[in-house]
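To keep things clear, I will list the structure first and then write my remarks on it.
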Amino acid sequence: MYDHKKIERRWQANWLRNKTYHSVEDPSKPKYYILDMFPYPSGAGLHVGHVTGYTATDILARHMRTKGYQVLHPMGWDSFGLPAEQYAIRTGTHPKVTTEKNIATYRRQLQAMGFSYDWDREVTTSEEKYYKWTQWIFTKLYEKGLAYEAEIPVNFCPAMGTVLANEEIEDGKSKEGGFPIERRPLRQWILRITDYAERLLEDLEELDWPEHLKRLQRNWIGKSSGCSIDFLEERTGEVLSAFTTRPDTLFGVSYIVLAPEHPMLEALTEPSAKKGVETYCAKARQKSDLERKEGKEKTGVFTGAYALHPVTEEKIPIWVADYVLGDYGSGVVMGVPASDERDFAFAKKYQQKILPIYQPKPSALPEGISLEDFTKGVMGGSICYAHEGTLINSFAKDLSLDGLTTKKAKETVMDWLTKQGKGERTTHYKLRDWLFSRQRYWGEPIPILHLENGEKRTLSLDELPLTAPSVQDFTPTPDGKSPLEREPSWLQIKDPKTGLFATRETNTMPQWAGSCWYYLRFLDPLNDKEPWNEEKERYWMPVDLYVGGSEHAVLHLLYARFWHKVLYDLGLVHTKEPFRVYRNQGLLTSRSYRKKGGGYVSPENVEQIGDTYVDKTTKEPLISQIEKMSKSKLNGVTPDEMIDEYGADTLRLYEMFMGPFDKDKVWNLEAASGCYRFLCRFYDCVFSEKVVDTQDETALRLAHKLAHLVRLDIENMQFNTAISHMMTFLNHFIPLAAYPKDAILLAVQSLYPFAPHIASEMWTHLQGAGDLSYAPLIEIDPRYLEEKEVIYVIQVNGKVRANLTMPKGETKESLLQKAQEEANVQKHLVGEIRKVIFVPNKLLNLVVHSKTSV
Ligand code: ANZ
């Protein structure tokens with residue numbers, strides 16, 4: 001009888017004791033670096049959704065070892081972060097204590113899954129021996145001019161008492177926790193990620209990542225090619241340069257808009273308009289970028305000033321409006337109401353001229369309107385025509401665009417502007433520099449001293465790690481001061497290196513810092529002389545497969561690529577990109593049950609009646625939903641409960657059997673028990689008395705075919721189909737009269753990456769001894785893969801009339817004879833056969849000369 005508890009306990013202890021999965025560099029072998037996104041060890045522990053990705057990588061890691069690769073498969077903890085700190089604020093427990101406890105739980109849970117991590121390489125980002133190097137990398141960034149301080153309007157989250165990066169905000173709220181965000185000017189540390197915008201974009205091309213992820217990064221970087229166009233302020237002659245991607249619309253410009261932050265705004269505003277402009281700008285400062293960009297109502301104020309159109313020299317009014325962002329392009333927009341919906345709405349509201357510059361195309365005609373009315377509307381300025389096409393009304397004495405297409409007109413205008421010195425081709429990126437400081441306790445202190453002479457000094461390696469002072473109170477102050485300021489003896493020092501008085505930097509790094517380079521520390525985690533050894537880096541990098549969720553598309557994955565490129569420029573790594581292949585795991589969801597009046601009910605207290613769900617005791621009807629697993633919704637399933645009941649092997653198998661790896665899936669306990677029964681049958685088969693040492697063609701055919709299909713599926717990450725093949729195999733194998741050992745060994749080896757404990761147990765039973773972890777893959781004999789029978793397609797005059805399953809290698813003659821015996825073929829064989837087309841092992845086409853069969 002299959003005793004999963006005993007088997008799993010024994011093998012896990014065995015692997016840990018023997019350090020079975022410890023790997024070292026071996027230049028004689030090809031290497032495979034397979035990486036999981038290391039978890040943040042939260043108080044809730046792991047649920048079964050977390051281990052989907054880890055199971056997949058473990059399958060590949062185990063497969064690649066048996067394929068002869070030197071495999072690096074590490075695990076660690078991304079342990080700086082908000083939850084531990086918030087828990088500390090609530091309870092007074094030091095975050096270090098909570099973190100250590102949580103890590104112990106996570107480690108135990110992962111080991112109970114039987115994952116083949118090299119536990120000697122474990123790293124913890126909140127440990128001094130790790131973050132010493134995170135701080136050291138920061139000093140390198142600073143020395144390269146990539147880290148700077150500035151007083152800037154930031155996204156401040158009063159609820160959390162800290163600033164957040166753009167990437168951490170969604171719809172004006174913090175992604176973590178959903179708290180409102182305010183704009184405030186604060187002194188901050190910023191990383192110049194924009195210097196790498198082009199490379200971050202270009203090098204995406206060489207990566208094997210899911211296309212949607214690459215697209216997300218591309219959009220986030222947001223490259224826009226266009227030109228700047230100079231408008232001269234009428235009174236002073238100062239240049240107002242507008243960035244546009246549509247220079248073709250130049251003749252449609254009827255006003256200019258400045259961002260409220262524009263440095264020239266104050267100087268050019270007419271005295272009579274000053275008050276209105278100031279009030280407007282003060283209001284705009286309160287809004288987030290998103291509100292400004294996507295707010296329903298476009299607002300603005302006239303400055304009283306005018307600019308001259310670069311071609312027509314006509315006077316056009318200058319406005320200020322908050323839909324123009326101060327930090328994109330040049331902070332100046334040329335308003336083209338006839339061709340841009342946003343400008344159109346603005347022009348309507350403030351009675352600006354609408355100058356149609358495109359001949360409406362019939363193909364752009366909206367539904368429910370005639371071409372005549374549409375054209376009239378566009379020409380009369382009551383409809384915005386935001387399409388490309390052929391230009392009209394676009395000429396002046398030395399430039400004419402009439403009759404040109406959009407593309408041609410763009411080039412013509414840009415050439416003309418350049419020649420006249422009135423503008424030039426430019427490129428802008430949406431990507432902003434990375435706001436890198438946080439006013440928090442539980443993060444890496446930024447290793448900078450502010451000296452009394454006004455200079456700054458980075459701490460050198462011998463002064464690292466810089467650890468935070470021990471404080472009692474972890475709360476940030478409401479005015480955005482870090483809790484690190486609370487300890488005067490830490491804060492103010494006499495700098496031993498310069499002899500000057502100095503104040504320490506009190507900001508800490510964001511939670512993303514540690515994960516920007518952890519994959520490099522895994523190469524050489526115990527090195528206390530350098531962050532990693534060069535030779536080890538050369539051997540193991542790049543990561544050959546990285547698996548994680550898609551929520552990190554523009555955070556971790558972009559930040560880590562950025563740091564990696566800086567390290568590349570410093571000569572510290574030899575590859576331009578860290579993660580060669582990236583794959584997403586789908587989300588695991590499950591059913592939750594909520595009372596009408598609020599409050600979740602745990603699944604064991606729910607009863608299903610038909611299509612409805614009720615509370616078992618009160619019979620109150622419940623609202624049921626498929627949702628992401630979470631502790632608060634009581635719909636999470638822990639690996640612990642599954643392992644206890646069915647074992648880790650069943651859980652691993654089920655996680656992979658549920659559906660395609662990258663698709664979202666719904667948890668279903670019954671299907672999980674199906675996987676358990678499969679393992680029981682497999683076990684009984686191997687331990688049966690029918691196992692024999694003799695060979696058998698049918699059994700070997702089944703086994704070789706299975707191994708072949710499973711290996712292909714593993715390498716394509718099609719784990720669910722690999723498991724179906726195993727189930728089909730067993731269904732065919734069990735009824736055989738005897739079980740040849742050679743066939744079983746192949747089947748056990750196929751099962752091994754998925755269910756390593758039971759497979760190891762069966763292997764040892766069959767072989768007497770030996771560990772399956774490094775047993776080379778048994779060679780597949782192609783003879784056994786050949787199909788003995790094939791399906792022959794029989795056609796009459798090119799139309800399929802029958803399919804015949806027959807032995808491979810039938811001759812034309814015998815096939816013809818068989819085909820003619822088929823009723824449906826006979827029916828269509830009217831008249832004499834004039835020609836027979838024969839494709840061996842595939843097709844027979846009979847050509848007859850008859851009307852009825854055509
Ligand atoms: C005139 C025009 C006519 C425009 C037209 C568009 C359509 P992307 O592609 O996103 O880069 N723009 C420029 N700077 C801006 C700023 N600081 N804040 C808000 N909007 C700004 O968009 C470039 C377009 O966004 C530019 O092209 C400009 O409007 C606007 F039919 O210029 B366009």
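Order of listing sets the numbers, starting from 1, for every ligand and every atom in it.
Only one option out of Asn393, Thr390, Thr249, Asp248 pairs with Tyr358 in a side-chain hydrogen bond (donor to acceptor under 3.5 Å, both in side chains); it is Asp248.
Taking only nitrogen or oxygen atoms, main chain and side chain alike, Thr244 reaches within less than 3.5 Å of ligand 1. Taking distance alone, with nitrogen or oxygen atoms compared against 3.5 Å, Lys430 approaches ligand 1 more closely than that limit. Note: no N/O pair closer than 3.5 Å links Gly329 and ligand 1 by distance alone. For ligand 1, the polar-atom distance check against Thr245 finds a nitrogen or oxygen pair separated by under 3.5 Å. Polar contact with ligand 1: absent for Arg246 (N/O pair, distance under 3.5 Å).
Protein heavy atom nearest atom 18 (N) of ligand 1, with residue, atom name and distance: Leu325 N, 2.9 Å. In this structure, atom 7 (C) of ligand 1 lies nearest to the protein heavy atom Asp340 OD2, 3.3 Å. Looking at atom 28 (C) of ligand 1, its nearest protein heavy atom turns out to be Phe243 O, 3.7 Å. Looking only at protein heavy atoms, the nearest one to atom 21 (C) of ligand 1 is Val333 CG2, 3.2 Å.
For ligand 1 and Thr249, the ligand atoms under 4.0 Å from any heavy atom of the residue are 3 (C), 31 (F). Contact atoms of ligand 1 toward Ser224: 8 (P), 9 (O), 11 (O) (distance under 4.0 Å to a heavy atom of the residue). Below 4.0 Å from some heavy atom of Met334 lie the following atoms of ligand 1, by number and element: 1 (C). Every atom of ligand 1 is numbered from 1 in the order shown, and the set under 4.0 Å from a heavy atom of Tyr323 is 18 (N), 19 (C). Interface atoms of ligand 1 facing Tyr328, defined by a heavy-atom separation under 4.0 Å, are 8 (P), 11 (O), 14 (N), 15 (C), 16 (C), 17 (N). Near Ser339, meaning under 4.0 Å from one of its heavy atoms, ligand 1 places the atoms 31 (F).
Across every non-hydrogen atom of Asp664 and Leu587, the tightest pair is OD1-N, 2.7 Å. When every heavy atom of Lys628 is checked against every heavy atom of Thr589, the shortest pair comes out as N-CG2, 4.1 Å.
Heavy atoms of Val324 found under 4.0 angstrom from ligand 1 belong to the backbone as well as the side chain.
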Steps toward side chain to side chain contact (heavy atoms under 4.5 Å, CB included) verdict (Phe579, Tyr519)
CA-CA 9 Å; Phe579 316 123; Tyr519 57 93; 3.7 Å; yes
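In this structure, a donor-acceptor pair under 3.5 Å is absent between the side chains of Tyr559 and Ser515. Side-chain atoms of Arg183 and Asn155 include a donor-acceptor pair closer than 3.5 Å. Between Gln585 and Asp662, the side chains place no donor N or O within less than 3.5 Å of an acceptor N or O (distance only, hydrogens not considered). A donor-acceptor pair shorter than 3.5 Å cannot be found between the side chains of His262 and Ser330. No donor-acceptor contact under 3.5 angstrom links the side chains of Trp209 and Gln217, judged on distance only.
At distances below 3.5 Å, at least one donor-acceptor pair connects side-chain atoms of Tyr280 with backbone N or O atoms of Asp322.
Annotation: cation-pi pair Lys565/Tyr196 absent, no NZ/CZ under 6.0 Å from the ring centroid and within 45° of its normal.
The shortest separation from a heavy atom of Arg342 to ligand 1 is under 4.0 Å, placing the residue in contact.
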